[in-house]
Amino acid sequence: MRLLVVEDEEDLVDALRVGLVRAGYAVDVAYDVADAEEKLHVNEYDLVLLDLNLPSGDGFELCRAVRQGGGGQSTRIIMVTARDRLEDRVRGLDEGADDYLVKPFAFPELLARVRALLRRDAAGGTAVLEVGELRLDTARVEAFRSGHQLSLTPKEFGVLHYLMTRPGHVVSSEELLEHVWDEHTDPFTNTVRVTVGNLRRKLGTEGMIETVISRGYRLKERV
Ligand code: CA
């Protein structure tokens, strides 16, 4: 899953990036409104952490722009701000934010809220995803097949996570690149193919993740 952190405090950005990457997410950063608008236009994010007090603009307006901008309907938004007045929280939710977190906050709480929002679309509604013999604990960042823990890299975990939220559906390489890798990735790289290959090897079978010729990959619902 790919996140955009919109925040101008560099220390906070660094801490968030380290923590979120460790939790298995691809993370892009925008330090001001213009930068955020451009990245939201170019990329499709699963979730945006949006600071309200930004130089050169207002987070409320950015939130509204995401909601009105067609493609941003499925993007989750958490407003993160030092403003703790009731009217700001109400306005944030009215502008289309899915959640609202007041600074200072504890990082584990932020992570729990991110997980909760990202699994809203997925069946089950807990931090643990299960498809056939596969089990993915998104809170602990652990993956299992038939009870045996798999030793996955963050990208392998990210690919498996994305596929497990869409079992039986074909997911293209471009979609995986968009949702599992960050902005520093060369779009012409073969990293998706290599990562899927390694993931298949670690799953112990080629057939669990099918290749659908010229369309992408599909995780079998029953394995
Ligand atoms: Ca700020």
Side-chain angles (χ1 to χ4, degrees), residues 1-121 127 138-139 141 154-155 158 161-162 177-185 187:
M1 300 291 174
R2 187 170 179 185
L3 277 54
L4 177 64
V5 174
V6 186
E7 169 68 66
D8 60 307
E9 289 169 51
E10 290 191 23
D11 290 349
L12 181 56
V13 166
D14 292 344
L16 287 174
R17 195 200 312 251
V18 168
L20 289 168
V21 167
R22 193 171 290 154
Y25 300 106
V27 179
D28 290 353
V29 172
Y31 290 97
D32 59 42
V33 169
D35 194 14
E37 279 174 341
E38 188 182 334
K39 283 177 180 162
L40 285 161
H41 184 68
V42 173
N43 304 308
E44 190 180 314
Y45 293 100
D46 298 292
L47 187 143
V48 180
L49 289 179
L50 178 60
D51 179 29
L52 280 186
N53 295 314
L54 292 162
S56 75
D58 184 340
F60 285 124
E61 283 170 28
L62 193 60
C63 183
R64 201 179 316 140
V66 171
R67 286 294 176 246
Q68 290 171 349
Q73 300 303 321
S74 62
T75 302
R76 304 298 183 191
I77 299 174
I78 301 179
M79 285 188 174
V80 182
T81 174
R83 299 187 203 178
D84 66 347
R85 293 184 310 163
L86 176 65
E87 60 203 78
D88 283 330
R89 284 187 305 227
V90 170
R91 186 177 166 203
L93 296 170
D94 283 344
E95 295 281 11
D98 297 286
D99 203 353
Y100 195 105
L101 198 55
V102 175
K103 292 178 193 172
F105 54 83
F107 188 70
E109 183 181 359
L110 172 71
L111 268 186
R113 287 173 186 250
V114 167
R115 285 196 300 271
L117 284 177
L118 290 178
R119 70 179 174 249
R120 242 191 221 174
D121 305 315
T138 60
V141 199
K155 290 303 175 219
H161 185 189
Y162 197 80
L177 199 62
E178 183 83 26
H179 289 273
V180 182
W181 276 265
D182 64 29
E183 59 188 329
H184 303 295
T185 308

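Whatever order the structure lists them in is the order used to number ligands and atoms, beginning at 1.
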- What's the atom name of the N, O or S in Asp51 nearest to the Ca ion (ligand 1)?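 Within Asp51, restricted to N, O or S, the Ca ion (ligand 1) is closest to atom OD2.
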- Item | Residue of the set Leu50, Val80, Leu49 for which side-chain contact (heavy atoms from CB on, under 4.5 Å) holds with Val5 |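 The option that passes is Leu49.
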- Query: Cys63 pairs by side-chain contact (heavy atoms from CB on, under 4.5 Å) with which of Ile77, Asp58, Leu93, Asp94?
  - Reply: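 The side-chain contact (heavy atoms from CB on, under 4.5 Å) with Cys63 is passed solely by Ile77 among Ile77, Asp58, Leu93, Asp94.
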- Message: Within rounding of 10°, what is the angle whose vertex is the Ca ion (ligand 1) and whose arms end at O of Asn53 and OD1 of Asp8?
- Response: 90°
- Query: Would you say Thr81 reaches the Ca ion (ligand 1) with an N/O/S atom under 3.0 Å?
  - Reply: no
- Query: Does the shortest distance from the Ca ion (ligand 1) to an N/O/S atom of Glu9 fall below 3.0 Å?
  - Reply: no
- Query: Are the charged groups of Arg113 and Asp99 less than 4.0 angstrom apart, N to O?
  - Reply: yes
- Message: Tell me if the CD atom of Glu9 is crowded by more than 12 foreign heavy atoms within 6.0 Å.
- Response: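 Counting neighbours around CD of Glu9, more than 12 heavy atoms of other residues, nucleotides or ligands fall under 6.0 Å, so yes.
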